[in-house]
Amino acid sequence: MHAWPASEVPALPGKGRDLQIHDTATQGTISLAPGPVARIYVCGITPYDATHIGHAATYNAFDLVQRVWLDTKRQVHYVQNVTDVDDPLLERALRDNLDWTELAERETALFREDMTALRMLPPQHYIGAVEAIPGIVPLVERLRDAGAAYELDGDVYFSVESDPNFGKVSNLDAEAMRLLSAERGGDPDRAGKKNPLDPMLWMAARPGEPSWDGGSLGPGRPGWHIECVAIALDHLGMTFDIQGGGSDLAFPHHEMGASHAQVLTGEFPMAKAYVHAGMVALHGEKMSKSKGNLVFVSALRRAGVDPAAIRLALLSHHYRADWEWTDEVLAEAVARLERWRAAVSRPDGIAADALVEEVRAALANDLDAPAALAAVDRWVELQIATDGDDESAPGLVSRTVDALLGVAL
Ligand code: 5CA
Ligand code: ZN
């Protein structure tokens, strides 16, 4: 699949700092010092509805990770998937009397537009589940041949008991795992499973549903977790720097993915850091396609909201916080954008070298975007109140805000 166009990232004077980031698996902040090419896998959308502010907030977090790494003069190898075949997509297509491929293509196209408008850097490899199937089948066969998978009425399940490290990504107790499994695509109550938590690796073809050649597995379609493992291992290999997504992916998705990879490679963890963004709510409840309490990025854009203001609204919350989208959040971001633009439109101003370092320090400290905004706010206030004569300052601030925060002034 093609991704979307990259906005240019201006180079800043000096060099950025290495990222300290919270890792869900070790439940602490870790210091990540990737090699010259940093490797990140971010779980992509299931394209059955438009991009909402919750999605955008999560992708914003991982866009900041890339910007920090680029500022340390590293290259970034970024991979993202599109879950372009899965139950929710097929169910929505059926409900709306649409062809499921058309629905997936339409919503993926809209996602690309939204990401472009928000200046999110694109992945180098943007891979659909469907196009990954030829790589998924042999992995499921290997898991089965290693005794880590078993068949149930033609479907193939992964046995969580085959992984000695199972549970070490999300650190949840058995009861919490069972509840979340039922909520998030698992089937803990299906009779005949070895362990209720065992996730499906390969679903045998169902009447009226799409299916693909599964070699010795028979015709069917892939499970969700193996999709991301196959794509990640194919394009990044083992022990890449970050696997990212919203906090609702820690269990079961990233836990199961780590387990699949552990059995396939004998290594743990698949990613050096498991990084999870908080959930954005609307009217007191997590924004979710299934509940329908959504604010769409595309709807805001159509209403004339500057994407840079949307981006500032996302940045005004720490990525790990759960927060609520309100009209005030957006209004504050619109006002901030105006103030910042007025400040950098002056021909000269207050020296900004210290500001560059403050923004760098804030982001390197577990992506503290609110602290980065506060630092820019302080410069903007001084700039408006005082008569500085540094001609390079407004340009340097614009470039800093663009390079590190993805906001075009
Ligand atoms: N296709 C899978 C990942 S492989 C999936 O979870 N797709 S999704 O469309 O449901 O979600 C895409 C990303 O947005 C995930 O990282 C998810 O955790 C995140 N996300 C979904 N809802 C919210 C929300 N309300 N707030 C923050 N992030 C969210
Ligand atoms: Zn995923």
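Just so you know, these numbers come straight off a predicted model, no measurement behind them. Counting starts at 1 for both ligands and their atoms, in listed order.
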Counting backbone and side chain alike, does C43 bring an N/O/S atom below 2.8 Å of the Zn ion (ligand 2)? yes
Restricting to N/O/S atoms, is H254 within less than 2.8 Å of the Zn ion (ligand 2) or not?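 Given the 2.8 Å cut-off, H254 does not count as a ligand of the Zn ion (ligand 2).
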Reported CG-to-CD distance for the pair D353 and E358, which is rounded to 0.5 angstrom: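 Rounded to the nearest 0.5 Å, the CG-CD separation comes out at 11.5 Å.
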Atom-level proximity to ligand 1, residues with heavy atom under 4.0 Å: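 C43, G44, I45, T46, H52, G54, H55, T58, Y59, N81, T83, W224, C228, G245, G246, D248, L249, H253, G278, M279, V280, K286, M287, K289.
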Which pairs with one or both residues in residues 75-95 pass ring pair (Phe, Tyr, Trp, His ring centres under 6.0 Å), sequence neighbours excluded?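 Listed by first then second residue: H77-H125.
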Assess whether a salt bridge exists between R17 and D71, defined as any Lys/Arg side-chain N lying under 4.0 Å from an Asp/Glu carboxylate O.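 Salt bridge: no.
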Looking at R341 and E338, is any side-chain nitrogen of the basic one under 4.0 Å from a carboxylate oxygen of the acidic one?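 So E338 does not pair with R341 through a salt bridge.
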ring-ring contact (aromatic ring centres under 6.0 Å, His included) between H254 and H276, intermediate numbers included: CA-CA 10 Å; H254 291 168; H276 294 111; 5.0 Å; yes
With a 4.5 Å cut-off on side-chain heavy atoms, are D87 and R221 touching? yes
Option passing salt bridge (Lys or Arg N to Asp or Glu O under 4.0 Å) with D114 (candidates R302, R301, R311): R301
Looking only at N, O or S atoms, which one in H253 sits nearest to the Zn ion (ligand 2)? NE2
